Every structure is written in C-alpha cells, then in structure tokens.
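Structure record follows, encoded as structure tokens.
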Amino acid sequence: MKGLQVGIAMVLGILLGMTGISAQAIPVTHQRSTALSVGRLRSINDRAVHYVGVPRKYQHARRPHGVNRVTSSHGRRVTFATKYLLPYPGYHHQAWGNPQSMTTDNRYLYVIYCPTAWKNRGRLVRYDLRKLAANHVTPRDLQRVYVTKAKKARAIKRAIKIGPAFVTGHGQSLAYNWKEHHLYMWCDRESAPRVPTSQYGYMTQISGRRLKPTRQVRCRLKQGKFAVPGGHVLTFDHSGHAYFWSRPTAHRVYLYRGTVRAHHVKFRLTHQVLRRGPGTRVQSIAYNSRTKRLYLVADDSIANLPVRKLAGRGHLTSRDIRWNRFSSRREFEGLTFARNGRAYLLSNHNPEVMISNRQNW
C-alpha cells in the first residue's frame, strides 16, 4: 500500500505464576502519512458540566460480596446496580483485581486486566453473557467461581474464556468496532502513570475469538506543531467512526473523530473544544446507539453530547451537553453500552460490572 511500510514487531507477555516468557510476533504497519488533521477551533461553554477532582483515596465497594448501587446526584437521574462481581482471585489465583476497561458486542463482555506489577502488560478475559444468564448466575456466584467446588461453578467456567498475556499499555481503551466486528485498543505504554514511553500511537487489533493481538498500526498523530501521543481511551459508533478525548489543560477537553482500519489510522481534532471537562482522569469514552450520544467518563462524573454534531465543522452548543454527577468515590474504569441502550459501568476496588436502570440519561 502506497505510503506505508510494513514491519514486524515482537509483543512480549510474561504469564503470571509461570516461569519463562511467552512471546508472539504480530504484523505492524508503520504508517508514513500523518494520522491527525487539525483545523480552526472554537470554544464551547459547556456550563452544565462541573469538574470533579480525583479523590485522595478511592472507596472500596460497600458490599464487597453483595449488590452495590451508585446513583447520580446531579443531572438526569440514573442508578447503576451490581450486575456481576468479577472473579477474584482469578483463574489459578491470577491477579484479576485491576480491570482497566471493557466493551461488549452484545453477546460477550470483554474485560482487560492489567496487574500493576506487570508494567504495561495484561490479558483479555471474555464473559459469555448468554451462558451466564442461562445459568442464573448471581454476582456472588461469579465472584467465587475459582475458589469454590460447587457444581454450578463448572457451568460458569464454561462461560469464561481467558486470553494470553500481551503488551497492553495502560489498557484503558478496549473498544468494539460495530461495523467491522473487530476489537481495537491503543497500546499506550507508560514509564509512569500518564507518562507515555513514545510519541507514536500504536493501534492494536485484537481477535475476539483468540483474545490476543492480530496486527498493529504505528502512527504519528501530528500536524505542524500540534501533536498527541496516541489516545488513552477509544470507542466506535455503529457507522464505524472512532472517537477519543484528551485533557490538554486542567479543565479543557479535546474531542477526536476518525477511522481505524487494519493498516491505516486517521483522526481529526474536531472543531469544538469544551471549556469544562468532567474530571481529573480520562477514564473512558462510550457510544450509546439508542440515544446517538457520546459519553466522556471521569471518576464520579460523566458528560455526554450528540455525536452527529461533531461531524464536519461541528454544530455543538452548550445546550447539547448533559452532565451526571455521582458521589460514590469509586474508580470508574470503563463504560460501554449494549444495543438496547443499557449501560455497563466497570468499577475497581472490589472489581464489578454495574448496569444502568435507564437507557437515556
């Protein structure tokens, strides 16, 4: 393909609890053309949004073995309640206590685990939602699946598929492309929290069946003096457009829209800059196909806006932007939506997946 140079990179994974190194080679496309375009920007006074700082210390779940609830205190009222308490410990006592992101294709729920000690490595675990429902799995059933010998546990284990370890980077950006039916994720390796090791962006395609990388694109998101070292979060709408957001200053938000293909990545910085971001940490981004809105997630704070108004030169106004405030002091690691518009919220510190009671909020 013109303008591209294809190479081979080694992706190394060290399997927890085992000696030796598991390595696999995946094809890497070195994209020569820039992966970013930048036009004239305008500021949006999203006055409905209030910046929420990261808490000094995250709260653990109030009910580590039961059902927890998180309800919005500002904005349209929505409540998230525990759907699944994720297995802890994991298979063969693996460290599954630090999930970083999740996504769904409506049949499976995919969760990326990145143990802190692994340093830029992790693994993908797939949960079969149909099988879990058919077996009437309770939150506690799933949490104890690898520490009990109960008969039901054998059926639950058949609903879980565990992928190999691989280089994930921070792991915050797992997303499902509804148009191409592939999983993608930025491989944003860090030398310290939020300190990238490279100015290149690495977009990884992951097999939903094998749960490991199949190919990667290395690209430079730069135009003139403006540059960003890849994304930290990622989502797709049902037309195949990709999105991520960043926080260039303490409060402002940049929104990016583009396309991701097997051998090529292209984003543009949309023309609208939000004056007020939802919070300190860029935790997640999600698209709701029922409401056609994009959700920007920080801890205890979620802003959302109509995705169609990001196209072209953009037509966002302050009235378009909604905001939800929560008071849980939990760490919001990920948000994803099923086709019916129900949201799944991934929370850490007693890892669990919560589900919303509303589709439109």
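Bear in mind that the values here come from a model prediction, so they are computed numbers and not experimental data. Residue numbers run from 1 in the order of the sequence given.
For R322 (side chain) and A303 (main-chain N/O), no donor-acceptor pair under 3.5 Å exists by modelled atom type. Judged by distance alone, with hydrogens and angles left aside, the side-chain atoms of N106 form a donor-acceptor pair with the main-chain N or O of R339 at under 3.5 Å.
Side-chain contact between K266 and T34 is present, with heavy atoms from C-beta onward closer than 4.5 Å. Within the 4.5 Å cutoff, the side chain of L305 has heavy atoms near those of the L255 side chain. Counting only heavy atoms from C-beta outward, the side chains of F326 and T71 never approach each other to under 4.5 Å. D46 is not listed as a side-chain neighbour of S318, based on a closest heavy-atom distance of 4.5 Å or more.
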- Task: Start with the C-alpha gap between N177 and H182, add the side-chain angles, then the distance that decides, and say whether side-chain hydrogen bond (donor to acceptor under 3.5 Å, both in side chains) holds.
- Result: CA-CA 5 Å; N177 187 329; H182 290 301; over 6 Å; no
- Item | N98 vs Q100, side-chain hydrogen bond (donor to acceptor under 3.5 Å, both in side chains): CA-CA, chis, key distance, verdict | CA-CA 6 Å; N98 194 33; Q100 288 298 303; 3.0 Å; yes
- Task: Starting from the C-alpha separation in whole Å, work towards a yes-or-no answer on side chain to side chain contact (heavy atoms under 4.5 Å, CB included) for Y256 and T270.
- Result: CA-CA 6 Å; Y256 302 82; T270 65; 5.9 Å; no
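Applying the ring pair (Phe, Tyr, Trp, His ring centres under 6.0 Å) definition to pairs two or more places apart or across chains, those involving residues 336-361 are Y58-H349, H60-H349, F80-W361, Y295-F337, Y295-W361.
Partners of R252 by side chain to side chain contact (heavy atoms under 4.5 Å, CB included), not counting sequence neighbours, listed by chain and number: P248, T249, Y254, V273.
Applying the 6.0 Å contact sphere to CZ of R319 captures no more than 12 heavy atoms from other residues, nucleotides or ligands.
By the 6.0 Å and 45° rule, R121 does not stack over the aromatic ring of F166. A cation-pi arrangement is not found for R276 relative to Y51, the charged atom failing to lie both closer than 6.0 Å to the ring centre and inside a 45° cone about the ring normal. Both cation-pi conditions hold for R218 and Y200: the charged atom is under 6.0 angstrom from the six-membered ring centre and inside a 45 degree cone around its axis.
Contact detail for R69 and A81: the closest heavy-atom pair is CG-CB, 3.9 Å.
Ring geometry, Y146 versus W96: the interplanar angle exceeds 60°, so the pair is classed perpendicular (tilted spans 30 to 60°).
Q359 and N340 are not linked by any side-chain donor-acceptor pair at a separation below 3.5 angstrom, with hydrogens and angles left out of the test.
Under the 4.0 Å criterion applied to side-chain N and carboxylate O atoms, R330 and D300 are not assigned as salt-bridge partners. A salt bridge between E180 and R261 is present, with a side-chain N of the basic residue lying under 4.0 Å from a carboxylate O of the acidic one.
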